[in-house]
Amino acid sequence: MKVFKFGGASIRDAANVKNVAGILQAYKSEPLVIVVSAMGKTTNALEEVVAAHAKQNGQAHTLYKEVREKHEAIMHDLFEPGDEVFNSVNDTFVEGEWVLDELPSDNYDYMYDQLVCMGELVSSKIVAAYLNKIGLPTGWLDARDVVATDNTYREGWVIWEKTKTNAQKIVPPMLVQTKFVLTQGFIGSTSENFTTTLGREGSDYSAAIFSHCLDAEGMTIWKDVPGVLNADPRIFDNTVKLDRLSYREAIEMTYYGAQVIHPKTIKPLQNKNIPLFVKSFLDPQASGTEISSDTDDLYPPIVVVEKNQALLHISTLDYSFVAEQHMAVLFKLAADLRIFVNMMQNTAVSFTICVPNVPDRIEKFVKSASAEFKIKVESGLELITIRHYSPETIETLKKGKIVLFEERIRNTMHMVVKNVPAIERKAVEIAGSKA
Ligand code: ADP
Ligand code: ASP
Ligand code: MG
């Protein structure tokens, strides 16, 4: 049994759904668990619905209607009028209307999950119905019957034992009935049957959860790129595809922000030695990238840029040394507020951490620590990570940047940088052109 995952871009409209169906035709004799995301940018659109509902600004129903209409237009391109799928999708969307008809919950994250899950629920219904229509028998599975989480809404923590029991009980009999079982990425459910989501971009992780629990022989995520590249093609030219990567390398890349794979995806696969293939849905025959156990491969420099970072410069108010008990207080606070520390450095009386710039969490952190610590926040920064760095790569990446702090540990270099202000860049260019 294999697990395939198709992201939002791969099913963003009717033509792309047909393309995915074309890919699956080639696998029709194999048992497959297929995990899909919401179509295109649906999750972003639903986030706006949630925000409007919370503000009660009168826009929520209109925005929700737009989401429904987009899906209806796609269904009209895929199915004859009167197809059963119209009712089934309508039933799901109506559940969202019920949430909008009530007053917003005080718990924003809870309300978010009850509404945003609609994206995956309807996309999975549409894709499964289309596969059945073209003669690929496909069972539809509600991922919430399998993926058990705690009640950390918007970032559900998977309860592995329960999830494994559910998966092993429910999925294999379905695979006997239909070769394909299609389900949603991104969503799970609490013990009280409330919907949770696993964090933005979490569908890759869902596919890894299914792969792990069902001992899949392999997992493939189908993307709009030829495979994992040595840098983000949206930021850099001349990227190269990595044909093979070790789990370790993939974990390092994704942990530091390579957006091609959700960071939580690799570990569940590594623990069971399940290979992960990243392939292009635009060129399904091409080889892609294989991520599996360690090899002696030599890697080119691999660059990951994580934007929107902040440095928190922390010092003690009483000028005492920054010692272990202070660190314990600060890390506990960061963990409680779900502030992820990407890098840290300390001197005798100060301590600096690099964290994603989430203003409301940082404000809470500064406020809560203010009795003991003075904290200066510097935002608008980037964290650049280079694996297997070479002097030339470092030079190229430092162009036009001011390096605020850097660290090298064996194969890895991290730099926190900000752009040289435009006015200074101009001066450098002018000086350069004179020479
Ligand atoms: P999905 O549709 O599965 O959610 P994503 O859009 O999240 O896919 O991920 C694919 C995108 O990741 C690519 O379009 C590419 O722009 C971006 N990306 C960032 N870093 C890399 C990298 N190192 N290699 C390949 N793609 C990358
Ligand atoms: N639809 C969700 C998101 O856009 C999950 C995913 O696509 O991975 O974040
Ligand atoms: Mg994604």
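Every number for a ligand or one of its atoms is a count from 1 in the order of the listing.
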Numbered in order shown, the ligand 2 atoms found under 4.0 Å of a heavy atom of T43 are 1 (N), 2 (C), 3 (C), 4 (O)
What protein heavy atom is closest to atom 17 (C) of ligand 1, reported as residue, atom name and distance in Å?
R234 NH2, 3.5 Å
Indicate yes or no: does an N/O atom of S37 lie under 3.5 Å from an N/O atom of ligand 2?
yes
Top protein contact for atom 8 (O) of ligand 1, by heavy-atom distance:
K223 NZ, 3.2 Å
Please report whether ligand 2 has a polar contact with E120, defined as an N or O pair separated by less than 3.5 Å (distance criterion only).
yes
Show me which atoms of ligand 1 lie under 4.0 Å from any heavy atom of K5.
1 (P), 3 (O), 4 (O)
Taking the six-membered ring for Trp and the full ring for Phe, Tyr or His, determine whether the centres of H71 and F93 are under 6.0 Å apart.
yes
Identify the protein heavy atom lying closest to atom 24 (N) of ligand 1, giving its residue, its atom name and the separation to 0.1 Å.
L229 N, 2.9 Å
Is it possible for you to check whether K125 lies under 6.0 Å from the centre of the six-membered ring of W140, through NZ or CZ, and within 45° of that ring's axis?
yes
Atom 18 (N) of ligand 1 sits nearest the protein heavy atom D232 OD1, 3.8 Å
Please report whether the ring centroid of F86 lies less than 6.0 Å from that of H76.
yes
Heavy-atom side-chain contact between F405 and T352 under 4.5 Å
yes
Check if G119 has a non-hydrogen atom at a distance under 4.0 Å from any atom of ligand 2.
no
For atom 6 (C) of ligand 2, what's the nearest protein heavy atom and its distance?
S203 OG, 3.3 Å
Is it the case that H61 and D101 place a side-chain donor and acceptor less than 3.5 Å from each other?
yes
Taking distance alone, with no angle check, do N230 and ligand 1 share an N/O pair under 3.5 Å?
no
From T197 atom OG1 to Y112 atom OH, the distance as rounded to the nearest 0.5 Å
5.5 Å
From C354 atom SG to Q309 atom CD, the distance as rounded to the nearest 0.5 Å
4.5 Å
Are a donor atom and an acceptor atom from the side chains of R144 and Q184 found within less than 3.5 Å of each other?
no
Name the one of Y27, F210, F281 that satisfies ring pair (Phe, Tyr, Trp, His ring centres under 6.0 Å) with F4?
Y27
May I ask you to decide if the ring planes of F6 and W222 are parallel, tilted or perpendicular, using 30° and 60° as cut-offs?
parallel
Which ligand 1 atoms are under 4.0 Å away from a heavy-atom of E201?
4 (O), 7 (O)
Check whether any protein heavy atom sits under 4.0 Å from atom 6 (O) of ligand 1.
no
Within a strict 2.8 Å cut-off of the Mg ion (ligand 3), protein N/O/S atoms tallied 1
Is a donor from one side chain sitting under 3.5 angstrom from an acceptor on the other, for E249 and H388?
yes
To the nearest 0.1 Å, how far is atom 4 (O) of ligand 2 from its closest protein heavy atom, and which atom is that?
R200 NH2, 3.0 Å
Both conditions, 6.0 Å and 45 degrees, for the charged tip of R408 above the ring of Y389: are they met here?
yes
Within 45 degrees of the axis of the six-membered ring of W157 and under 6.0 Å from its centre: does K264 put its NZ or CZ there?
yes
For G8, state whether at least one heavy atom is located under 4.0 Å from any atom of ligand 1.
yes
Atom 14 (O) of ligand 1: of D224, I11, V303, I221, the nearest heavy atom sits on D224
Under 6.0 Å between ring centres: does that hold for F351 and H313?
no
Under 3.5 Å side-chain donor-acceptor pair for T289 and R244
no
Taking 4.0 angstrom as the limit and counting only heavy atoms of A9, give me the atoms of ligand 1 inside it, by number and element.
2 (O)
Is H262 close enough to touch ligand 1? Criterion: a residue heavy atom under 4.0 Å from a ligand atom.
no
If you measure from each non-hydrogen atom of A231 to ligand 1, which part falls under 4.0 Å: side chain, backbone, both or neither?
backbone
Report yes if some heavy atom in the side chain of I34 is under 4.5 Å from a heavy atom in the side chain of V181; otherwise report no.
no
Heavy atom of the protein closest to atom 12 (O) of ligand 1 (residue, atom name, distance)
V260 CA, 3.7 Å
Any atoms of ligand 1 less than 4.0 Å from a non-hydrogen atom of G7? List them with their elements.
1 (P), 2 (O), 3 (O)
Per-residue contact class, V225 against ligand 1 - non-hydrogen pairs under 4.0 Å:
side chain
